[in-house]
Structures are given as structure tokens and as C-alpha cells.
Q: 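Can you read through this structure? Questions will come right after.
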Amino acid sequence: MAELIGPRLYSCCNCRNHVSLHDDIISKAFQGKNGRAFLFSHAMNVVTGPKEDRHLLTGLHTVADVYCGDCREVLGWKYERAYDASQKYKEGKFILEKSKIVKENW
């Protein structure tokens with residue numbers, strides 16, 4: 001009998017709560033607070049903190065920190081607003097730091 005293999009996904013490094021699908025990665029070329037980060041189109045089982053303006057490498061953005069829905073580990077942030085027209089594609093997307101997520105079903 002063949003093993004059923006589910007979708008490749010990423011989980012919280014702390015509690016293994018599923019937080020995003022591999023298929024939702026837009027880019028792996030982002031910088032987080034603690035090193036490399038991935039830009040995702042969607043995230044699941046997360047909660048967002050209050051919105052705040054931050055000066056990031058690509059300019060001023062309104063962002064909200066993203067926390068694991070189970071253990072509340074900070075995983076990254078969500079882009080709420082980009083002030084520069086060339087950065088508008090990030091709005092509504094999620095940054096998850098590579099050091100805060102682990103691969104599942106690979």
C-alpha cells in the first residue's frame with residue numbers, strides 16, 4: 001500500500017503548528033530581523049499584532065507582527081501598506097523568518 005503524502009508545508013519552530021504551504025512562497029530572497037526570510041502569499045494558524053509604520057530596507061511600510069496561533073512565537077510580519085508604488089505587491093503578504101519555521105512533509 002502506498003503512503004499518502006500531504007502537501008509540503010512550514011510549521012512553527014517552537015510548537016510545530018502549521019503556518020504556511022510551500023506552494024504559497026513568492027520569494028526566498030527577503031531579509032527578516034534575524035536573517036533570511038521568505039515572502040508568502042498566505043499564512044494560516046497565525047495572529048497579527050497591532051499595525052505600525054517601520055522603515056525597512058525597501059522603505060517605509062505599515063506592518064503587523066505575525067505570531068504563531070498556538071504558542072505566540074513571533075514568526076515575522078504582515079505587510080499592511082507599502083508607501084512606495086514599486087513595493088505595493090507586498091501588501092497583504094507575509095514575511096516568515098527562516099529561523100522561525102521548519103519544513104514538514106518533505
Side-chain angles (χ1 to χ4, degrees):
M1 186 164 153
E3 260 186 68
L4 293 177
I5 299 174
R8 295 188 302 169
L9 40 81
Y10 291 92
S11 298
C12 171
C13 68
N14 191 49
C15 71
R16 298 301 251 253
N17 179 29
H18 298 161
V19 294
S20 195
L21 298 172
H22 175 73
D23 290 346
D24 289 337
I25 290 179
I26 295 170
S27 175
K28 294 183 178 181
F30 276 73
Q31 185 69 28
K33 290 180 187 174
N34 304 304
R36 281 188 54 204
F38 300 158
L39 180 68
F40 287 87
S41 59
H42 300 93
M44 58 189 167
N45 302 320
V46 297
V47 293
T48 55
K51 296 176 187 178
E52 62 181 57
D53 285 344
R54 285 190 200 153
H55 289 280
L56 303 174
L57 292 174
T58 54
L60 180 65
H61 296 78
T62 302
V63 299
D65 284 337
V66 173
Y67 303 87
C68 173
D70 283 349
C71 73
R72 300 299 193 250
E73 178 81 19
V74 177
L75 302 175
W77 63 84
K78 180 179 181 183
Y79 286 104
E80 297 289 349
R81 181 175 178 200
Y83 291 90
D84 187 304
S86 69
Q87 302 299 307
K88 291 285 188 187
Y89 75 95
K90 296 177 184 175
E91 291 181 343
K93 310 292 190 298
F94 296 84
I95 287 289
L96 299 180
E97 298 204 39
K98 187 177 178 191
S99 65
K100 301 289 187 154
I101 55 177
V102 294
K103 296 175 179 179
E104 301 276 354
N105 294 334
W106 290 66

Q: Who are the side-chain contact (heavy atoms from CB on, under 4.5 Å) partners of Lys28, not counting sequence neighbours?
A: His22, Ile25, Arg36, Phe38
Q: Of the non-hydrogen atoms in Val47 and Cys68, which two are nearest, and what is the gap between them?
A: CG2-O, 4.4 Å
Q: According to side-chain contact (heavy atoms from CB on, under 4.5 Å), who are the partners of Leu21, at least two apart in sequence or on a separate chain?
A: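 Listed in chain order: Pro7, Leu9, Asp24, Met44.
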Q: Verify, without hydrogens or angle tests, whether Asn45 (side chain) and Gly69 (backbone) share a donor-acceptor contact under 3.5 angstrom.
A: no
Q: Indicate the atoms forming the closest heavy-atom contact of Glu97 with Gly76, along with that distance.
A: CG-CA, 4.5 Å
Q: Give every residue pair that meets the salt bridge (charged side-chain N to carboxylate O under 4.0 Å, His left out) criterion with at least one member in residues 42-60, sequence neighbours excluded.
A: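 Output for this query lists Glu52-Arg54, Arg54-Asp65.
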Q: Examine Val66 and Val19 and state if one hydrophobic cluster contains both, with Ile, Leu, Val, Met, Phe, Trp and Tyr joined whenever side-chain heavy atoms are less than 4.5 Å apart.
A: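 Result: yes, single cluster for both.
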Q: Any chance you could measure Gln31, atom CD, to Ile95, atom CD1, to the nearest 0.5 Å?
A: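 Gln31 atom CD to Ile95 atom CD1 measures 10.0 Å (nearest 0.5 Å).
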Q: Of all residues at least two apart in sequence or in a different chain, which pass the ring pair (Phe, Tyr, Trp, His ring centres under 6.0 Å) check with Phe94?
A: none
Q: Quick one: side chain to side chain donor-acceptor pair (under 3.5 Å) pairs with a partner in residues 66-82, sequence neighbours left out?
A: Glu73-Lys100
Q: Does the side chain of Val63 come within less than 4.5 Å of Leu56's, by heavy atoms?
A: yes
Q: Should side-chain heavy atoms under 4.5 Å link Ile, Leu, Val, Met, Phe, Trp and Tyr, which residues sit in the same cluster as Leu60?
A: Tyr83
Q: Heavy atoms only: give me the nearest Cys12-Leu75 pair and the separation to one decimal.
A: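 So the two residues come closest at SG-CD2, 4.2 Å.
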Q: Applying the 4.5 Å side-chain criterion to the ILVMFWY set and letting contacts propagate, would Leu39 and Val102 be lumped into a single cluster?
A: no
Q: For Lys88, enumerate each residue passing the salt bridge (charged side-chain N to carboxylate O under 4.0 Å, His left out) test, keeping only those at least two apart in sequence or located in another chain.
A: Glu91
Q: Taking the side chain as C-beta and beyond, is there a heavy-atom pair between Asn17 and Cys71 under 4.5 Å?
A: no
Q: Taking the side chain as every heavy atom from C-beta outward, state whether Ile101 and Phe40 have any atom pair closer than 4.5 Å.
A: yes
Q: Taking salt bridge (charged side-chain N to carboxylate O under 4.0 Å, His left out) as the test, write out the residues that go with Arg16, two or more places apart.
A: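 Only Glu104 meet the salt bridge (charged side-chain N to carboxylate O under 4.0 Å, His left out) criterion with Arg16.
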Q: Would you say that Phe30 contacts Lys90 through its side chain, given a criterion of any heavy-atom pair below 4.5 Å between the two side chains?
A: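 Side chain of Phe30 against side chain of Lys90, heavy atoms only: contact under 4.5 Å found.
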